[in-house]
Amino acid sequence: MNDAHHSQSSSPLLDHCPPSLPVEDYRDPAWHAAEERAIWRRHWIYVGRENALPPMTMRRISLAGQNLLLLRDGEGTVSAFHNTCRHRGAELCSVDEKKLRSRLIVCPYHQWSYSLTGDLVRTPFVSIPDDFRKEEHGLYHVPVQAWNGFLFVSLADAPPDFRDAPDLGDAALDNWPMADLVTGHVWVKELQCNWKIFWENYNECLHCPGIHPELSERVPVYARGYMAANEAPDWAPDTGQTLPALKAGARSWTVNGLACGPEFPDLSRAEREAGQTFVTLLPTMFIVAHVDYVRAVSLRPLGPERTELRAEWLFPAETLAAPGFDLANVVDFATLVMAQDGAACEMNQRGLQCDRFRQGTLMPQEFDVFRFQQWVRRQLPGGGMGQGSWVPVTHGDS
Amino acid sequence: MNDAHHSQSSSPLLDHCPPSLPVEDYRDPAWHAAEERAIWRRHWIYVGRENALPPMTMRRISLAGQNLLLLRDGEGTVSAFHNTCRHRGAELCSVDEKKLRSRLIVCPYHQWSYSLTGDLVRTPFVSIPDDFRKEEHGLYHVPVQAWNGFLFVSLADAPPDFRDAPDLGDAALDNWPMADLVTGHVWVKELQCNWKIFWENYNECLHCPGIHPELSERVPVYARGYMAANEAPDWAPDTGQTLPALKAGARSWTVNGLACGPEFPDLSRAEREAGQTFVTLLPTMFIVAHVDYVRAVSLRPLGPERTELRAEWLFPAETLAAPGFDLANVVDFATLVMAQDGAACEMNQRGLQCDRFRQGTLMPQEFDVFRFQQWVRRQLPGGGMGQGSWVPVTHGDS
Amino acid sequence: MNDAHHSQSSSPLLDHCPPSLPVEDYRDPAWHAAEERAIWRRHWIYVGRENALPPMTMRRISLAGQNLLLLRDGEGTVSAFHNTCRHRGAELCSVDEKKLRSRLIVCPYHQWSYSLTGDLVRTPFVSIPDDFRKEEHGLYHVPVQAWNGFLFVSLADAPPDFRDAPDLGDAALDNWPMADLVTGHVWVKELQCNWKIFWENYNECLHCPGIHPELSERVPVYARGYMAANEAPDWAPDTGQTLPALKAGARSWTVNGLACGPEFPDLSRAEREAGQTFVTLLPTMFIVAHVDYVRAVSLRPLGPERTELRAEWLFPAETLAAPGFDLANVVDFATLVMAQDGAACEMNQRGLQCDRFRQGTLMPQEFDVFRFQQWVRRQLPGGGMGQGSWVPVTHGDS
């Protein structure tokens, strides 16, 4: 999140040590419920790749305790609704994915049928009395947003404007053919930690030397505990050095360091030299774009101390189809890093079982942890909610 | 429940669309606890067949969070107590069923001994000081009621009068030899739904065409979404047609449609032609009597979103003993219907995970769902409790 | 706990029947949390044998919801801390036991390093701004106490003085070589009961004739429901009879009744004749010292209705090493007794599921149950807390 708040030509370090969030914020079920309402049921949340939802298909999705239906019609339009019939509340789609047989969503319980835009069309077998007006019994609509091939929904009455998101206009993924990439691998892991612990870990690299020896070897600034070269006291902005950058000779996050297929043709020289471009979309996901493939990592809170982590590796279709393509050489590298981060996050959560520890202390290098926590503070009642800030930013991370 | 509230010669349909119960009533643990107190610890609850409890036997029963002891003495009298010793509260019977070795209930912990009427008789090893009066330390008594071979208990301080139950006086089971029937099969299934969802499903047949194809073929009015013929606009009460009736040629709820043994000799012509007679005993059970056997289905709430369903098939002893008797031909039919209903109930419960859905809307054909919900509303504080209404009625169902 | 409150020359029996504790105290989660704070996070709690923690080793311990670190340095000094780094709260020791590689406790997350006395020494990679003072970021210290080879910690801000404990000065274990005994066997069992149920069972022997036939045969007064001979109406204090005593010919709690090795040389004649000497350390443990070995039994509440029971058998090293030593002959006897007590405790807990039972009634022989309950009442807010009573006493038990 090292963006407009500090220019890359000056040091991003904090000049003091602010307190971290109170320990209850990571453990208390009531606080977690408040965060679900203020953050997870309000911001745009990633729900899947656009090209993984074929036409005339619907999907069941669980998000922040809500049961949703995501569907694509025959023309390609994607919509979402609460997965709840308006008659007596039955679930409309009871499987993870189902083909639509007609241009109707039919409730399996009493066959109430809705158009693909959610209007109630038919109520078989029942007689309709005067006080029943079909137009008052449409499905509960959920807004959907597509961006770079990713689909997002918001459960807010008035969702934040996706296009107002800071930095989205010049987000660094424009040179990648994002919408065309296909999913080559998925890794899902349940972490025994609060979702904010994961983002705090993501937002600093002080842990890199100890937790990520392989990654620190690949990205030399990480071995010094920096997220980017401009944290160093001897940083000279006019060297033209790219931040952060893979070590000399390495092209990507692969086990052997080589690109796993053809490099994307439209990348800038800086993007190519950096070897990794991060985009952060709070609270739902981050994206790491390499010269040869892209990785998307998303979170789903399952409780105050449980979070589901999901990683998807995205490739050009030709790369996946190429003879000799070695998937393990790609996925094993980041899987190792994510497993290391996951274990560190769980270790952090376990240490919070201490009734004398009120809150931690952030160090100057944890400027992005601080920014993340300030963002969280703004979302919650009493913490200055209401500005709908949506934060996708270029970012250096672990 | 299509009884005195509407004559069978006029349409039972509602003339408007009332709201269903609020969604919290199906999910909130505090509300569920209130229902346990107001409904399940107050009304008469089915606890087993009379002839399944041999003389000099005691049984442990769990009911609405209470641990009970049901016993039959040597003369055949059935009693029930809280399964709790008055000394320090130990459980008196720690197994599901146990023979009584004497006319005493002996606590295994410190050997306090109670008569079979619950009086404290002996306290071995202890010296008794002046302030201890044995008559103040008897077991907590629980009233028991037997009806048609079924045993019921009530946890109320002042239980409703079983004999005051509406329609019980002329309940339709008088022509069946109910007390003599023996249990030939038991099927138990835990449903992931609130107990009221089950009763709502039971109280309408709009779902029959979609959920129960086999049953709808067997009972033709069900295929039209009716519970009984009198729901049809073209219903003529003077045809003498029985409601509801099995299709021509079918005699019973069996896979092949034939009676599984000799037909009960004392049934009326109408009972024989209908082929199925329903009696509903809210909130605990319903009974379906056929010409050849009887099925008893009872509920036990395990939590706001969990309910245990138990079905017992009751036969004349001779039917079970007859050469060539085919149990599967009997039980497979209703087991399929109940499994379909169970899946529908769970689908309904899952759809209630929606914070925009406040409550459903009942349709005119859901007159008995409405009556059930009105009954529930009357039981709860603020909803007009205190009339102790006990509702066994003849009924057409799913 | 038959100590100063009543001389052994007079009857300890109560002259009336006081009420037992309210049933909610054994089941309510909020009450249990209050007990955790007032009792389990305040008194000295047993955490392991001193000689089972080698120098330069640290251990992770869970106590009343707190995550602790117990360590011994190279000179043998034992310390304890909350297992929580002061930086962002990570767990310092993430395994049950770990060797210390240096005189530093190093947090695995960001390498903050603490001295073995808990001072923050190093914070690698970070720059230290003016407002950060290392001396304010030391580990949270937890006091440790060693007594007779047992280690105890207290989570209190101001722990009770271990040496002020009643009767500790003349505790009966002085004639046993307690610190030198080594652990020969450990038995752990999770009981489905409140921790107080266990102590109540421990504090009376009315249950012995019914629950412990083998033990009652070994200790004749137990067969009469007494904990000690002075409960008998015909007790004559001037007989010099030891209380309680094993039956003639039996030397110890072993299956065959014989000592399992050489008898401890320094026992008094009374200790040798009694054959069993009990010391109770509320709320954490009791110790039974025999002429040949010692058993230590400790409790850990896991929830309002779950308690972990742990027994350790302690022997002279020579006994364990002797050819022909038969461990099963020793441990099978007490394991049987503890399994019987555990089943009785669970039976007691199950009987408390009764909304008409408010509380039990104590009988005159339950004078030590009453004393235990009075102790509990004093610990809790509104019940007269603040005297920090620590209660190790000589005791006759089951």
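Computed from a predicted structure; not experimentally measured. Per chain, numbering begins at 1; letters A, B, ... match sequence-line order.
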Handout entry: Passing option when B:Arg88 is tested against C:Met363, C:Glu200, C:Gln359, C:His207 for side chain to side chain contact (heavy atoms under 4.5 Å, CB included)
Key = C:Glu200
Problem - Largest heavy-atom contact set with chain C, pairs under 4.5 Å, which of B:Ala90, B:Gly65, B:Cys107 - result: B:Ala90
Fill in the blank from the handout: If you tally heavy-atom pairs under 4.5 Å between each of B:Pro129, B:Ser62, B:Gly89 and chain C, the highest tally belongs to B:Gly89
Practice task
Evaluate the criterion side-chain contact (heavy atoms from CB on, under 4.5 Å) for residue pair C:Glu204 and B:His110; output intermediate values, then yes/no.
Solution key: CA-CA 10 Å; C:Glu204 49 87 3; B:His110 303 97; 2.7 Å; yes
Main-chain N/O of [Y] paired to [X] side chain as donor or acceptor, under 3.5 Å:
{"X": "B:Asp131", "Y": "C:Cys17", "answer": "yes"}
{"X": "B:Arg86", "Y": "C:Phe357", "answer": "no"}
{"X": "B:Glu91", "Y": "C:Gln349", "answer": "no"}

Exercise for the section: Could you tell me whether the side chains of B:His87 and C:Glu366 share a donor-acceptor contact shorter than 3.5 Å? Expected result: yes
Handout entry: Basic-acidic side-chain contact under 4.0 Å: B:Arg37, C:Asp355
Key = no
Practice task
Could you go through the side-chain contact (heavy atoms from CB on, under 4.5 Å) check for C:Leu206 and B:Tyr109 one step at a time?
Solution key: CA-CA 9 Å; C:Leu206 286 172; B:Tyr109 201 177; over 6 Å; no
Practice task
Below 4.5 Å from any heavy atom of chain B, which atoms of C:Leu13 appear? Answer side chain, backbone, both or neither.
Solution key: side chain
Problem - Heavy-atom proximity to chain B below 4.5 Å, by part of C:Arg350 - result: both
